[in-house]
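Worksheet for the structure shown next.
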Number of protein chains: 2
Amino acid sequence: MPVTPIESSPAKTQDICVPRPISLDDIDRHLLDLVQDDAGRSLYELGDEVGLSPSAVQRRLTRYRTSGLLARQIAVLDPRVLGETMTSVVLVALDRESESLHTAFRDEMLAEPRVQQCYGIVGQWDYVIVHVTAGLRESRALSQRLFLDHPNVRRYETLPALESIKVGLTLPLRAPD
Amino acid sequence: MPVTPIESSPAKTQDICVPRPISLDDIDRHLLDLVQDDAGRSLYELGDEVGLSPSAVQRRLTRYRTSGLLARQIAVLDPRVLGETMTSVVLVALDRESESLHTAFRDEMLAEPRVQQCYGIVGQWDYVIVHVTAGLRESRALSQRLFLDHPNVRRYETLPALESIKVGLTLPLRAPD
DNA sequence: CGTGAAAGTTTGATTGT
DNA sequence: ACAATCAAACTTTCACG
């Protein structure tokens, strides 16, 4: 009896843009929570915490990496130790809804090191930007250069952050309902 | 002649809340840029890139850690591999300006794992929150639980993110003027 | 999944500039 | 004060049970 070749069927566009969700058990979620908080632990330590041998932990981490779930490992700096450092949130609306216009705007955000985050949103604003500078003066100068002097920015509003209450990239790992 | 005991004077409050800015040379900034982007490299690789021996690199990294500049090392996950994942930016204004009210609000944000970031801002809004959920439904449910049902939230506005154009915690390491 | 041996990495003492 | 070298300790890797 011929078997329907589900597994070997050519990749659909969706598989490339949005990878197939990986399935995770309780140990996977425990491990991922641990490394999201501190990626500096040894396989031995991690195995100890989740009740697995170092090589079983390694096999799982390798699986997360090859699936693309574990994208990278980064060092997080404390801005307070760098001296005056200010974070600002900026809401931006562009002029027209042309595709190439938005692409150009995105490329500028990607190229500017002081832009830490940029989200495309729906509603009366088009983008939310988080940028980091050495104080109010530089913050205003950067917003002016990026947004005021930009011909396609219709309007923007800068919300200077007094305080960073919670900052991270941790994703919640929901158990399947 | 008696020496003014500047170095041995007791720590001021400011020294505890805002640590003294660390001084960085070109190699420090190069190293920190490298580990902010990828903390998985070996001391040998890092040394190769900046032109130093592994142990010289290690001594510098240790210095960043003990000064608190290098706060931690984390694994970054790609939300697309987890299936439906949605990021929303929420602007929140609280009712009154009481200290304990704000503290309670902050503690809630710190306790909720789906709240990824929270900044205290100035202007017509008090806080900007970034939260991550499994879709529009959960996003609205979370905003409702955190903000609508909260007696002290005067008003809030949710900006659903269609696209995460740039996401990171990288700090710009400006050279001293 | 666990074990264990080989390869690679980090650590710290020592010496030199 | 800071860098390089080297050997010991630890960590990661991977073939096998």
Side-chain angles (χ1 to χ4, degrees), chain A residues 7 20-78 81-83 173 175-176, chain B residues 3-9 11 15 19-78 81 173-176:
Chain A
E7 294 307 311
R20 172 190 319 181
I22 194 175
S23 71
L24 302 172
D25 64 18
D26 288 344
I27 294 182
D28 287 321
R29 278 185 291 271
H30 191 174
L31 260 178
L32 288 163
D33 279 337
L34 289 173
V35 297
Q36 279 196 103
D37 182 64
D38 178 4
R41 299 151 128 112
S42 68
L43 299 175
Y44 184 86
E45 278 180 289
L46 291 170
D48 230 40
E49 291 232 40
V50 304
L52 241 45
S53 71
S55 61
V57 172
Q58 191 193 33
R59 266 193 295 272
R60 284 173 190 250
L61 292 178
T62 303
R63 179 170 154 251
Y64 310 148
R65 276 189 208 110
T66 56
S67 71
L69 174 56
L70 201 110
R72 56 204 201 115
Q73 207 172 305
I74 60 167
V76 181
L77 307 189
D78 184 337
V81 186
L82 286 175
L173 297 171
Chain B
V3 175
T4 318
I6 293 174
E7 295 305 312
S8 58
S9 64
D15 295 337
R20 173 192 319 182
I22 194 176
S23 71
L24 301 172
D25 63 19
D26 288 344
I27 294 181
D28 287 321
R29 278 185 291 272
H30 191 175
L31 260 178
L32 288 164
D33 279 336
L34 290 173
V35 296
Q36 279 197 104
D37 181 64
D38 178 3
R41 298 153 130 111
S42 69
L43 299 175
Y44 182 85
E45 278 180 290
L46 291 169
D48 231 40
E49 292 232 38
V50 303
L52 240 45
S53 71
S55 63
V57 172
Q58 191 194 32
R59 240 176 294 114
R60 283 170 190 253
L61 292 178
T62 304
R63 178 169 155 251
Y64 312 148
R65 276 188 207 109
T66 56
S67 71
L69 174 57
L70 190 68
R72 57 204 199 114
Q73 206 172 304
I74 61 169
V76 181
L77 307 189
D78 184 337
V81 185
L173 296 172
R174 52 192 180 285

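From a predicted model like this one, the values you see are computed outputs, not experimental measurements. Atoms considered below: every heavy atom in the structure, side chains included; atoms not considered: hydrogens, waters and symmetry mates.
Of all the residues in residues 23-51 of chain A, A/Ser42, A/Leu43 reach under 4.0 Å from DNA chain D with at least one non-hydrogen atom.
Side-chain N or O atoms of A/Arg41 include none that pairs as donor or acceptor with a backbone N or O of A/Val35 at under 3.5 Å. Of the possible donor and acceptor atoms, one in the side chain of B/Glu45 sits under 3.5 Å from a partner among the backbone N and O of B/Ser42. A donor-acceptor distance shorter than 3.5 angstrom exists from the side chain of B/Asp28 to the backbone of B/Asp25, with no hydrogens or angles considered. Formation of a donor-acceptor pair under 3.5 Å by the B/Arg60 side chain with backbone atoms of B/Leu31 is not found in this model. Although no hydrogens or angles enter the test, the distance criterion places no donor-acceptor pair under 3.5 Å between the side chain of B/Ser55 and the main chain of B/Gln58.
Here the CG-CG distance, from B/Leu77 to A/Leu69, works out to 5.0 Å after rounding to the nearest 0.5 Å. To the nearest 0.5 Å, atoms OG (A/Ser53) and CG (A/Leu46) are separated by 12.0 Å.
At the heavy-atom level, B/Arg63 lies nowhere under 4.0 Å from the strands shown.
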Could you list the protein-to-nucleotides 3-6 of chain C atom pairs, N/O on both sides, closer than 3.5 Å?
from, atom 1, to, atom 2, distance (Å)
C/dT3, O4, A/Ser55, OG, 3.1

Apply the test side-chain contact (heavy atoms from CB on, under 4.5 Å) to residues B/Leu70 and A/Val76: give CA-CA distance (whole Å), side-chain angles for both, the deciding distance (0.1 Å), then the verdict. CA-CA 6 Å; B/Leu70 190 68; A/Val76 181; over 6 Å; no
Evaluate A/Asp37 against B/Ile74 for side-chain contact (heavy atoms from CB on, under 4.5 Å), listing each step before the verdict. CA-CA 6 Å; A/Asp37 182 64; B/Ile74 61 169; over 6 Å; no
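Taking every heavy atom of both residues into account, B/Ala75 and A/Ala39 meet most closely at N-CB, 3.6 Å.
Counting 5' to 3', DNA chain D first comes under 4.0 angstrom of a heavy atom of chain A and last does so at the ends given by D/dT11 to D/dC14.
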